[in-house]
Each structure stands twice: as structure tokens, then as C-alpha cells.
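Below, chain A is the first sequence line, B the second, and so on; all start at residue 1.
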Protein chains: 2
Amino acid sequence: MLHSPVLEALGRRITGGALPAGATLTLDGIGTEFGVSRTVAREAMRLLEGLGLVRSGPRVGIVVLPHDAWNVLDPRVIEWRLAGPGRASQLRSLTELRQAVEPLAASCAARGATAAVRDELVATARRMRELGEAGKGDGEEFLALDIQLHELLLRSSGNELFSALADVVAVVISGRTHLGLMPAYPEPEALDAHEAVALAVARGDGAAAEEAMARIVREVRGALGEGTRS
Amino acid sequence: MLHSPVLEALGRRITGGALPAGATLTLDGIGTEFGVSRTVAREAMRLLEGLGLVRSGPRVGIVVLPHDAWNVLDPRVIEWRLAGPGRASQLRSLTELRQAVEPLAASCAARGATAAVRDELVATARRMRELGEAGKGDGEEFLALDIQLHELLLRSSGNELFSALADVVAVVISGRTHLGLMPAYPEPEALDAHEAVALAVARGDGAAAEEAMARIVREVRGALGEGTRS
DNA sequence: CCTCACCCATTGGTGACACCATTGTGACGT
DNA sequence: ACGTCACAATGGTGTCACCAATGGGTGAGG
């Protein structure tokens, strides 16, 4: 897979704004810049076209499209934008999406999760409380548990569209701690809410799970929304 | 653009289940079947790979991946699955996603929409009521208005991720009437709810907009959830 | 029966080529 | 001076023939 370098570089360059909408590229240009043949440049370009980042036509070359034509829900586009400038804005959009999706996903999981998943959820929440109360709320282990809990919920929702967001949510959560936005001692309410979700799902109480998850996401949103009012 | 036929055909075949997970293809096979060169077969295959439908490697050919590896949020995948068997299940998943996203989007739109959009929303809702009470709830014009209202809301939410779902929601809505699931005389509650959303957004009342939109989507879900209990 | 090395089918990547749509330019006429 | 039309340059689209790399099946050997 030799496109990776080309695709990655171009994708990041476009989503990062280094190549603004309306900028044009040529296959030969790409080929010579990356020291790669026309064919692989073409394939990378096709992928970019599939992501809605560019449009190509004879005589005009490869034109960068405005951001409202992008497939902003594609994991690759999300990752690129999360890595470039505008990371904060992207994080807010994603958190808003989480706010919409995760409560309902939790409610669905309360109806559809297997017994094994229910057990794992409460065990995870319990472990999170232990670590949090030990002042390790900003550590890798706490992060891994946090991700695991949310991923378990989304994947057990019985809705493949929610499951598809699990990776994205994982990236968002890890982004928050790696950006140093997590306190060593998490808010007790956050710990309570995580445990409440797990327990509600375990006993099949969809409404309670939904409400507790809504509390979690609201807290997350408040934590990173400070100062960046749109 | 010669990949379109190949990409479309293969995509539909895979998402439709005609090519089950584990099935293998070869570039030469694709080329001869569609009367196309290896290069374009390769590019079509790259696109499919980008959608998570297949994986390709030397000596192994192109293998179809299980459905949990698919980019189920990609508009093309959604369209293909909506056209094939499993349309009903896909429709339920999408409606669940709408249930999660649209209420929050309406709430955001109440804060962010322009004056022009607010006016257009109430005009659209009013026109829907007229048509609905005239017994044209299953017609093309009513459908167009319904789509317009939801699209305006999503696009005015100020969240690009919600905006990206506008096309999908449009397809879902149109799918419902084209499948003959819309009554000529819509439920009065549905008409009321649409108007309530428009008015709430117009006066900037996010909570009311959210609540009214939740009513709409709940009604939709009930309408197509009958009989297909999972 | 298990292990391991080898073979070869099939993708990955390259370069050269013909084709054609689009666009910009310039000539021509009014 | 301005509009129209035709032509040529540009750069993507599709094809072909070729070589390199890889990895799974196969068969020999323990």
C-alpha cells in the first residue's frame, strides 16, 4: 500500500487548510513531489474524490472542494481534521454528536446487551471509580477504561450506525486526555454517572441509562465548551 | 468516469449480500466481466477498499469483508443498502439515528438559524398543513416540503456533522413515502409537531423545538416499527 | 501427522501511449 | 469595440505491457 503516504499527506494538507478550496493540483505534480508514478497518484486522487475533498476534470486538474462538500463523517477525514488546526472546533462538533447519539445508544444497550457485556460494564465502571478516587483520572489506564465503557455501550446498542461511531468516540475521548483536559481527580458526579449508566444497563433500565449518559456528555461538553462560545 | 458502473455494481452486489463475506474476486475477473481494463478495475477496487467493503492483497485477490467492517455511515453505502434487501432493517437503523440527532439539531437551529431560514421554516410548515388537510399527505409536493423542512433544520444547526446527515435524512423521508407508508391524511399530531418545531425555532425556543422534533421522530419510528420487533 | 521450504498466482507499481473533453486564445466579422 | 466561432494547448481518462513483491497452497521430508 503505497498510497498511504500520498493520501495521508494530501488529505491532511486539504483538511488542514494548507490547500484551500479552489486550489488545483496535477497528477504529474503529485507524482514528482512524492516520487511516485502517475498511477498511484491517480488512485490516491480517486480516494480523495471519494471523500469529497477534491473534484477532477480534464484541463482543470484536481480542484480542492469547499469544506461543505467533504464527507465529514468519514473516519479518515475526522482523524485528519482532529490532527490539524481547527481541532478544537472539530472536537466541539463531535461532542455535540456524542450528546445526540450516546444517550439513545445507552438506552438501546439496556435492552439489547448480552449478560457478559452487562457484567463487563459494571466491572469497568467500578474500576474507573477506584482509579479516579486514587487520583489517576488523567492516566492511560483510566482512559482505556473510559473508552472501553463507551465502546461497549455503542457496540451493544444493536444499531450498526451507532457501532460505527465507536472508533470516533474513542478518538474523541483519548483526544481529551491527551490534550491535558482531564483532571487527575475526576468530578465525583462523572464517576457517579458512569457507574449509574453501567448499573442501569445491567438491570435493563433504558430510561435511567439514557438519563445518566446524558449527564456524562453534558459534563464533557461543559468541560471543553468553556471559552469557545460560538 | 468509467468506474461508476463497476463501483456501483460491485457495491450493490456486496452490500446486497450477493457477494457474501469471504468471497473473492480478481482484477482480471472484474475487467473481463465489465469489459474494462485492469487499471479501472483497480481504481474501483480501491474505492471499495476505502469504503471498507473489501480488502485486497497479493495472491489472495480481493476478499469481501464482513459487514461490521463497512463504512455504514458513508452515503454511498447507505444508498446501496437502502436499495437492496435489508432495506427495512436499514430504515429502522437510520430512523434511530434520526431520533438521536434531529431533536438536538432542532435545538441548535433555534439558536443559530438566520432570520431568512426561520421565516422559510414557518412558511414550509404552514404549507405542509394546508396540503395535509387537503388529503395530499402522500404526494410529491408534501414530500418535498417535508424534506425541505428537515434539511433546513439540519443545515442550520451550526454543526457540520449534522449537516452531513441532511442527505441521508432526505433519502429516508422520501423512502418512506415511496414505499407507500405515508397516509393521504397525515396524523394531525404530526402536522402540529412540524408546525411547533418551526415556530419554536422561529422564536428561538430551543427546548420546545427539541421536544417537538422528538415527537415527530417518535411518530415516524412507531409508524414503521410495527411488526418488525427486534 | 506435522513442519518447512518452495512455487506460482495475483496484486502492487511503473512507464509509455492514444484519446478526448475543456478551456483559453486569437482571428474574424459585424 | 465587441461578440462569436474555431482551433490548439492542456491535463485527465483509459489501455497496455512489463517487472517486483508477496503470501498461501503444495508437496517433500522428518
Measuring from the side chain of [X] (C-beta onward, heavy atoms only), which nucleotide among [options] has the closest atom?
X: A:V60; options: C:dT23, C:dT14, D:dT13; result: C:dT23
X: B:D28; options: C:dT14, C:dT11, D:dG14; result: C:dT11
X: B:P58; options: D:dT13, D:dT15, D:dT22; result: D:dT22

Open item on the list: Counting the atoms with a prime plus P, OP1 and OP2 as sugar-phosphate, which does A:R46 contact under 4.0 Å by heavy atoms, base, sugar-phosphate, or nothing?
Closed with: sugar-phosphate
Open item on the list: What contact category does A:T39 fall into here, base, sugar-phosphate, or nothing, at under 4.0 angstrom with non-hydrogen atoms?
Closed with: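 If one applies the 4.0 Å heavy-atom cut-off, A:T39 turns out to touch a base.
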Distance, rounded to the nearest Å, where [X] contributes [atom1] and [N] contributes [atom2]:
X: A:L48; N: D:dG12; atom1: CG; atom2: P; value: 14 Å
X: A:R38; N: D:dG14; atom1: CZ; atom2: C1'; value: 11 Å
X: B:L27; N: C:dT11; atom1: CG; atom2: C1'; value: 6 Å
X: A:M45; N: D:dG14; atom1: CE; atom2: C1'; value: 12 Å
X: A:E49; N: D:dT13; atom1: CD; atom2: C1'; value: 12 Å
X: A:I30; N: D:dG12; atom1: CD1; atom2: P; value: 8 Å

Open item on the list: For A:S56 and A:R59, find the nucleotide of DNA chain D closest to each by heavy atoms; which residue's nucleotide sits nearer the 5' end?
Closed with: A:R59
Task: Main-chain N/O of A:G50 paired with B:R76 side-chain donor or acceptor, under 3.5 Å - done: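 Yes.
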Open item on the list: So does B:L65 get a backbone contact from the side chain of B:W70, meaning a donor-acceptor N/O pair under 3.5 Å?
Closed with: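 Looks like yes, one N/O pair under 3.5 Å.
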Task: N-O pairing of B:R126 and B:E130 below 4.0 Å - done: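 Salt bridge between B:R126 and B:E130, a charged N being under 4.0 Å from a carboxylate O: no.
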Open item on the list: Do the side chains of A:R46 and A:E49 get close enough for a salt bridge, i.e. N-O under 4.0 angstrom?
Closed with: yes
TODO: Give a yes or no on whether a donor-acceptor pair under 3.5 Å exists between the nucleobase atoms of D:dG14, that is its base, and the side chain of A:R42.
DONE: yes
